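Throughout, a chain's letter reflects where its sequence line sits, starting with A, and its residues are numbered from 1. Keep in mind the model is a prediction, meaning the values are calculated, not measured.
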Protein chains: 2
Amino acid sequence: MTTEQPPRTTPATLVDVAERAGVSLKTASRAINGEPHVAEATRERVAKAASDLGFQLNSMASLLKRGIRSNFIGLVTGDLANPFYSSLAKGVERELRSQGLQLVVSSTDESAERERRLVEEMVARQVRALIVVSTLEASEVLQGAQDRGIPVVFVDRPADTLVADSVVLDNREGARMATQHLLDAGHRRVGFVGDFSRLPTHRQRLDGYLEAMAQAGVDGDEARLLVREDLHDAAGARGAVLDLLSLPLPPTALFTSNNRVTIGALTAFRASEAVAPALVGFDDFDLADVLGVSVITHDPVDMGSQAAKLALEALTARAPRGDALVLPVRLIERGSGEAAPGVDWRR
Amino acid sequence: MTTEQPPRTTPATLVDVAERAGVSLKTASRAINGEPHVAEATRERVAKAASDLGFQLNSMASLLKRGIRSNFIGLVTGDLANPFYSSLAKGVERELRSQGLQLVVSSTDESAERERRLVEEMVARQVRALIVVSTLEASEVLQGAQDRGIPVVFVDRPADTLVADSVVLDNREGARMATQHLLDAGHRRVGFVGDFSRLPTHRQRLDGYLEAMAQAGVDGDEARLLVREDLHDAAGARGAVLDLLSLPLPPTALFTSNNRVTIGALTAFRASEAVAPALVGFDDFDLADVLGVSVITHDPVDMGSQAAKLALEALTARAPRGDALVLPVRLIERGSGEAAPGVDWRR
DNA sequence: ATGAAAGCGCTAACAG
DNA sequence: CTGTTAGCGCTTTCAT
C-alpha cells in the first residue's frame, strides 16, 4: 500500500482535496470533519483524495476560523528533572490527553524572572489555561494572564494574592505526623531541615513541626536551634545536616522537608562519623524502602490530574472561587523513624 | 497602575488597537511587532492603546498568515515519571526555549498503540518536529509524519526502518566496561538483568556484556544462563534477581542494564538472605553514592539538548542523513563493583 | 445532500 | 514613515 507522495511542495489544502475528489470545498470539509449530510460514496471519495495527497487539516486555519486560540495547556514547574514535578506533569498530561488537549511544559528553576518570562511567553502563545508551581514572586504576570481570560491553577503552592483555584498537600499535618512519630520513638531533639523559607509549603511544614514540638513540651526557641532553612538542593542540605550533626547537642532525629533535602541528609549521614539520627522525610522516593527510610507520602501524579481537572473546569467559563483542594498525606514507617535516640537504624 | 479592564467580551483585535490609536491597521501591526519604519510617537500611542485594551496578538491568525503551522516541538517519551525521560525532557525544553519554541510532551508507557495515537495527534496539531523515544513498533506513523515534512529525531533508541537522525548512548561500550569491571574484580559468574529484549538499547547492552564475558573466556552458553530479560519495572527486576540468587550456582556479580532494573536489584538484595552480589548498573541515580553503587553514567539532559539541536537543524529543510550521534558513557566506581566474589559490599 | 460567498485576525506586497 | 489591498486555509451562514 505504498502511497506515492506528491512532489512535496506546499502541503495540500482542502481545495486540492475537493478538486481531486470532484466536490466543492464545503463538501470536502464536511467529509473530512465527519459532519453529517454527506453521502457515503462522496465521503469515501474525499477520504481517498485526502490520503492520496497526504492531506492534513491546517489546524491554524481551522482554529482561527472557529475563534479558538489554541489547544494547549501550559504547565510551569520548578524543575522537570525533579521526580516530584515530573510526576506532576505526568498526571496533568494524562488528564488533558483524554480531553484532546496538549501539554506544554517548562521549568523555571525557581527563578522568578524565568517564571515571568515563561508565563508571558505562554500567554503570548495563547495557552487555554495555565497550571503553575509558582515562585509567587511573579504574581503580576499571572494576574495579567487571568485578566486576559486565561484560567490559572496553582499546584503545590497555593495562590498568594490572586483569586485562583489551587491544589496542595496537607503539608502541616504531614509535618506534624512526621515529627510526632519521631517524638513517639523517644526523641526530644528533633531537627528540621527545609527548603526556601519563602515557600508556603515550607512554612506550613515548619508550622506542623513546631506544633508537634510544642505539644511535646519542647520550647519553641529550643526547637528553632535545630531548624535549618533555605536548602533547595541535596548538596546544600548535606552541608546543613553535617552542620547540625556537629553541634554540641546534635539532634537525635531529623525531619527533612522534601525529597532533595532527604537525599542530602542521607548523603550527610554517610559522610559523617556520628551515629545517624532517626529520620522521617517528606515525599517518598525510589529506594526509600531499600534504605528503610520512613516518609510522608502522597500522590504527585494524582495531584497533577486534579490540577488539570480544575483547569478544564475553569475553561467552561466558571469563575475561580479561590478554593484550595487539599490532598491527604500518609506516613509510611520503614524503621528510620522508630529508632531509639542514639541507635543507628542502618544495618 | 490598575488598568481598568474592558468589559471582557471578545478579545481586542488589531483593528481595535489601530482605531483607538488613530492609525491604520498596518501601522498598528508594525508597531506591535516591533518592525522598523514607525515613528517613536506613533509606536508609543499604539502600545498605549494595546495595553489599554488588554490586546494580545492572535497567534493563530499571525501564524496562519505567515504560513507557519505551529511553534511547537513534540516529545514522545516512555514515561515522564522516569527520571531518565524527565531529564531528557528538561534538556529538550532548555534548548527549544532559547529558540522561542515550545515543548509539548507525552508519555507512551511503552505502548505501541499509545505511541501511534500520540504521534498522530501531534501531527494533526502540526508540531514542527518530533523527538521520539520510540517503541519502534509504530514506525508507519512516524514515516507518515516524515512524509508530511515533519522532521523526526530519535532519542535513546535509534531509528529502525526510517532514515532519520538519532541521538543514542554508547550502550555496547558501557555494558562492556561494566562487565569488564566486574570481571577484573575476580568475578566469573556475572549475571545480566535487562529491559524488554526487543529494545535496541537492551540488545546493545547485552552484546557488550557478552563480548566482555567471551573475552574473559566465559562460554557463551554458560553466560546466557545468568541472563534475564524483559524486566521493565523495578518489581519485575526484583523477582528476576531473586530468581538468579536462588540458583544452585548463583551469580557473584550483576550487571543491571538500566535505572529501574538496578533499583529492583537493590530491593531484591534487601529481601534476600544471600550475600549481595557485586553490582554495576547502567544509568546513574539519586543515592547511588550513598549506597555505594558503581554505575555507568551519562548525561540525559545533554542528550535531550542534542536531540533538540538536531530537530532544530532539521527545521531548516536539511534532509535527514540518518546519522546517529553516539554520546559517551563513563564508569563511576563506588565500591559495589570491586567487591571480591562472596564479599558483601554493603556496610 | 451539496455549494457559493463571506470573513476569522493577521501580515505581505505594494503603493503613497 | 504610513496606508490600501489581498488573501493565508478554513468554517459558517444561507442557498439550492
Side-chain angles (χ1 to χ4, degrees), chain A residues 6 9-50 53-71 123-126 128 148-149, chain B residues 6 9-50 53-71 100 123-128 148-149:
Chain A
T9 48
T10 44
T13 76
L14 251 192
V15 176
D16 302 330
V17 175
E19 203 167 279
R20 190 171 226 264
V23 296
S24 82
L25 173 58
K26 179 58 206 173
T27 302
S29 167
R30 282 201 184 94
I32 293 288
N33 289 311
E35 285 169 32
H37 307 305
V38 180
E40 202 40 53
T42 315
R43 192 182 296 281
E44 269 162 28
R45 224 153 11 98
V46 172
K48 173 75 168 57
L53 262 41
F55 171 79
Q56 189 76 40
L57 254 189
N58 182 329
S59 62
M60 282 312 159
S62 167
L63 293 175
L64 168 61
K65 181 64 200 181
R66 298 199 305 236
I68 295 170
R69 286 163 100 99
S70 86
N71 267 298
V123 171
R125 298 274 190 257
Q126 327 245 7
R128 298 275 294 274
R148 282 185 172 68
Chain B
T9 47
T10 44
T13 76
L14 252 191
V15 176
D16 303 330
V17 174
E19 204 166 278
R20 190 171 227 265
V23 294
S24 83
L25 172 58
K26 181 58 204 175
T27 301
S29 166
R30 282 201 182 94
I32 294 288
N33 289 311
E35 284 170 32
H37 309 305
V38 180
E40 202 39 53
T42 315
R43 193 182 296 280
E44 270 162 27
R45 221 150 14 97
V46 173
K48 173 75 166 56
L53 264 40
F55 170 78
Q56 189 77 40
L57 254 190
N58 182 328
S59 62
M60 280 314 158
S62 169
L63 293 175
L64 168 60
K65 179 62 200 185
R66 298 199 306 235
I68 295 170
R69 286 164 100 99
S70 88
N71 268 298
V123 169
R125 298 277 190 257
Q126 328 246 5
V127 292
R128 297 275 294 273
R148 281 181 174 68

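In this structure, the side chain of B:R128 engages the main chain of B:S70 through a donor-acceptor pair within 3.5 Å.
Nearest heavy atoms, A:F55 versus A:L14: CE1-N, 3.4 Å. In this structure, B:V23 and B:V46 approach most closely via the heavy-atom pair CG2-CG2, 4.0 Å. Heavy-atom minimum distance, B:A50 versus B:I32: CB-CD1, 3.8 Å.
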Worksheet item: If the sugar-phosphate is the primed atoms plus P, OP1 and OP2 and the base is the rest, what is the B/S/- string for nucleotides 9-16 of chain D, using protein heavy atoms under 4.0 Å?
Response: BBBB----
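Expressed to the nearest 0.5 Å, how far CG of A:N71 lies from CD of A:Q126 amounts to 12.0 Å.
Taking 4.5 Å as the limit, every side-chain heavy atom of A:M60 sits out of range of all side-chain heavy atoms of B:I68. Put simply, the side chain of B:K48 does not reach to within 4.5 Å of the side chain of B:R45, judged on heavy atoms.
Residues satisfying the salt bridge (Lys or Arg N to Asp or Glu O under 4.0 Å) criterion with A:E44, sequence neighbours excluded, are absent altogether. Not counting sequence neighbours, B:R30 has no partner by the salt bridge (Lys or Arg N to Asp or Glu O under 4.0 Å) test.
On the nucleic acid side, DNA chain C contacts chain B at distances under 4.0 Å to non-hydrogen atoms, with the end points of that region at C:dG9 to C:dC14.
Note on the helix from C:dA1-D:dT16 to C:dG16-D:dC1: terminal axis deviation equals 30°, with five pairs used at each end and the result rounded to 10°.
Residue pairs meeting the side chain to side chain donor-acceptor pair (under 3.5 Å) criterion with at least one member in residues 54-66 of chain A, sequence neighbours excluded: A:Q56-B:R148, A:S62-A:R66.
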